[in-house]
Amino acid sequence: MAGATNELSAWLDAAVDPFVACDAEERVCILNSAAERLLGWKREELRGQPVSRLFPQRLQHYAGKSLLRYLLSRRESLGGRAIRVLARRRDGVEVLVELTVGASGQGADERIVINFRRLHEVIDTVHEPVEQSLHPAEARPPAESGTNGDSLYRVVVEHAPLGIFHFDTTPVITACNERFMRIIGTPKRILVGLNLLTIRDEHIMYCVRETLAGHNAHYEGEYRSVTSGKLTPVYIRFAPIRDGAGRVEGGVGIVEDITERRRTERERDESLAQLTTLFRTAPIGLGFLDNELRYVRVNDVLAAINGSSPEAHAGRRPREVLGPTGMAVEKALRRVLQSGEPLEKREATSQELGMPGPPRYLAGSFYPVRAPDGRILGIGVMIQDITDRKLADEERGRLYREAQDAIRVRDDFLSIASHELKTPLTPLSLRLATLERKLERGEHVDPATLRHARQHLLRITGLINDLLDASRIEAGRLALHPETTRLDSLVEHVLQAMEVHRGDHSIHFERPQQPVLVRADPYRLEQVIANLVENAFKYSPDGGTIRVELRQRGELAMLSVADPGIGIPPDQQKLLFDRYFRARNVSSRSYGGLGLGLYISRDIVERHGGRIWVESEVGRGSTFHVALPLLQGAATQPPVEQPDHHVH
Ligand code: ADP
């Protein structure tokens, strides 16, 4: 007998379809392995239990009969055809099955056999085929509390925007919703009954194992469809399902198709990368503050303008980063928050803002940052260090003024120069006419007339030479021919030559004790001395004594020419040595001149390694000083004879 039972159970276990047999009391006595798998019961557990446990409560009675008795009573009219019914798994999940029912024996020996066929349909259906196909007219029995929970679960599962699948410990997928099917791209009839092992994905397997070990798990990756090979990026959360005793009897997977999320994330990452690059590399200071006026992020430029690091800004307020300056900044920011209007291109200097460090010019704009719905999320700040631009503007202004001045000077110069050149021409021409007339008539010619004519000619030559020298200096082409020169003799020589021009003036020359030797171009130095003495005559209209002094001081030869003349206003003294400059107390009418003599003199002196300057008081006179380096070792050398005079 035992042998026959074993044989029978082996035979039953080998059968593909689930199979359950029960006694006359409708208590389960046999079930095969396929039934164990389908229904989630171990046979020891189910044996002796009422078979009604295998069906949802609402399906357990029809027309006053139990479901099985009802189906048995309908056997003839069904003619062996299977009927669809929802079976209830141990975990409460309902599985659509086809079943046929048969019975043998009588009374206590009666056996009712139920043959199940899994339809690969799952809990997501809202139809109740038994009620509809068998008794469409019959009213549904009122829902009981357990049923309520079930249908609620079904509704949730069906409408969840997520794929949901259940699996048992084998681990075979026992149920799934439509959404899961769509995400995976595989028909439900293939999915339900699919062993997860066949997916051959290590990560998914790991999650399944974890779940069956009672832990939550999650998976993110590309799921490859078993049927189409299509790859779908998915995020799956796994959770274990436990029976009443707390034992894990399967798991649920909640699947999210993250194609869209990935795309949005990629797009977001890309635009974020673009913005970050702009943010980092922008040559201006950029920052964002939240509604509480705390820095959210700032770029390196803004951090540098604010004098600290980007990290030192995060989460802090302007007053915490900038000290008292921050108060003013916060005031401006609050205005933007309150009005919702930007504040643009506000300029201030770092001193005005009380910022430490070198003075800078800053320009700032503050914009409300709005969410798509118009809410203000915070403030965007743009700060630009415009010091360079400001300085360039100022420099441009200065250059413009200088250019204007230069134009004015040039115009003045042209009118002065033409006047200066013309002045000696008239008397020269008159003198020449007189000479011509006298010579024609054979009259005596006065040598003074000729001398005067020559003086006018020399004046014109002098002016022209000054103009030529000035332009040579400008072009850097004024040549020097230095040689060992006795400066004392040179001064003497110049003073002698100028004797004729001294008019009412007297000249007092204070000679040095010993010869003063310099290495210089004597012709050019003569020009300097002559110019100083000429000026002394010219700007001392009332005569008086011109004091010329030459002495040695240390390594220098010091020459000074002092006059008791009109003097020079203090603010003009530095400018005398500029090209074309003439002090304002000399009107071109009364004191002729081009304003070139001192310009040329300074160039000559400086190119000899010397210095020229003036001391003067208006109305009391001026003293021009020239310091030249002595010939090396000359201070200790014995006096030498004056060398030949070099004339250019
Ligand atoms: P110029 O005498 O031809 O104007 P200079 O270059 O020699 O040119 O002199 C420049 C200016 O310096 C003069 O126009 C005059 O205003 C001032 N200056 C030069 N020497 C004297 C001086 N001894 N006393 C007063 N002013 C002087």
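One-based numbering, in listed order, for ligands and for the atoms of each.
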Among all protein non-hydrogen atoms, which one is nearest to atom 7 (O) of ligand 1, and what is the separation to 0.1 Å?
Asn535 ND2, 2.8 Å
If you look at every heavy atom in Arg334 and Leu293, which pair is closest and at what distance?
NH1-CD1, 3.6 Å
Tyr591 and Tyr539 aromatic centres sub-6.0 Å:
yes
With a cutoff of 4.0 Å, is Ser622 in contact with ligand 1, counting heavy atoms of the residue only?
yes
Nearest protein heavy-atom contact for atom 27 (C) of ligand 1: which residue, which atom, what distance?
Tyr539 CD1, 3.5 Å
Using a 4.0 Å cutoff against the non-hydrogen atoms of Lys538, which atoms of ligand 1 qualify?
1 (P), 2 (O), 3 (O)
Suppose we measure from atom 17 (C) of ligand 1 to each protein heavy atom; which comes out shortest, and what is that distance?
Leu576 CD2, 3.7 Å
4.5 Å side-chain heavy-atom contact, Ser601 and Ile612:
yes
Can a non-hydrogen atom of Phe581 be found less than 4.0 Å from any atom of ligand 1?
yes
Numbered in order shown, the ligand 1 atoms found under 4.0 Å of a heavy atom of Gly567 are 25 (C)
Answer yes or no for Lys390 and Tyr361: cation-pi contact, defined as NZ/CZ to six-membered ring centre under 6.0 Å and angle to ring axis within 45°.
yes
Taking atom types as modelled, is there a side-chain donor on Asn306 or Ser308 under 3.5 Å from an acceptor on the other?
no
Under 4.0 Å from one or more heavy atoms of Leu596, ligand 1 contributes atoms 6 (O), 8 (O)
Ranked by distance from atom 26 (N) of ligand 1, the top protein heavy atom is Ile568 CG1, 3.3 Å
Ligand 1 atoms nearer than 4.0 angstrom to some heavy atom of Phe624 are 19 (C), 20 (N), 21 (C), 22 (C), 23 (N)
Charged N to carboxylate O under 4.0 angstrom, Asp411 versus Arg408?
no
Under 6.0 Å from the CD atom of Glu499, do we count more than 12 heavy atoms belonging to anything else shown?
yes
Restricting to heavy atoms, the pick from Glu420, Gln573, Arg602, Arg582 nearest atom 14 (O) of ligand 1 would be Arg582
Any idea which atoms of ligand 1 are less than 4.0 Å away from a heavy-atom of Asn531?
7 (O)
Among all protein non-hydrogen atoms, which one is nearest to atom 8 (O) of ligand 1, and what is the separation to 0.1 Å?
Gly595 CA, 3.2 Å
Whether Arg410 engages the ring of Tyr580 as a cation-pi pair (distance to the six-membered ring centre under 6.0 angstrom, angle to the ring normal within 45°) should be assessed.
no
For Ala583, is at least one N or O under 3.5 Å away from an N or O on ligand 1?
yes
Residue, atom and distance of the protein heavy atom nearest atom 23 (N) of ligand 1 read Asp563 OD2, 2.8 Å
For Asn299 versus Gly285, what's the shortest heavy-atom pair and its separation?
OD1-CA, 3.6 Å
Under 3.5 Å, N or O to N or O, is Leu594 touching ligand 1 that way?
yes
Side chains of Tyr599 and Glu474, donor plus acceptor under 3.5 Å:
yes
Should Gly597 be counted as touching ligand 1, given the test is an N or O pair under 3.5 Å?
yes
So which heavy atom in the protein is nearest atom 6 (O) of ligand 1, and how far is it from that ligand atom?
Leu598 N, 2.7 Å
Smallest separation among heavy atoms of Pro564 and Ile546, with atom names
CD-CD1, 4.1 Å
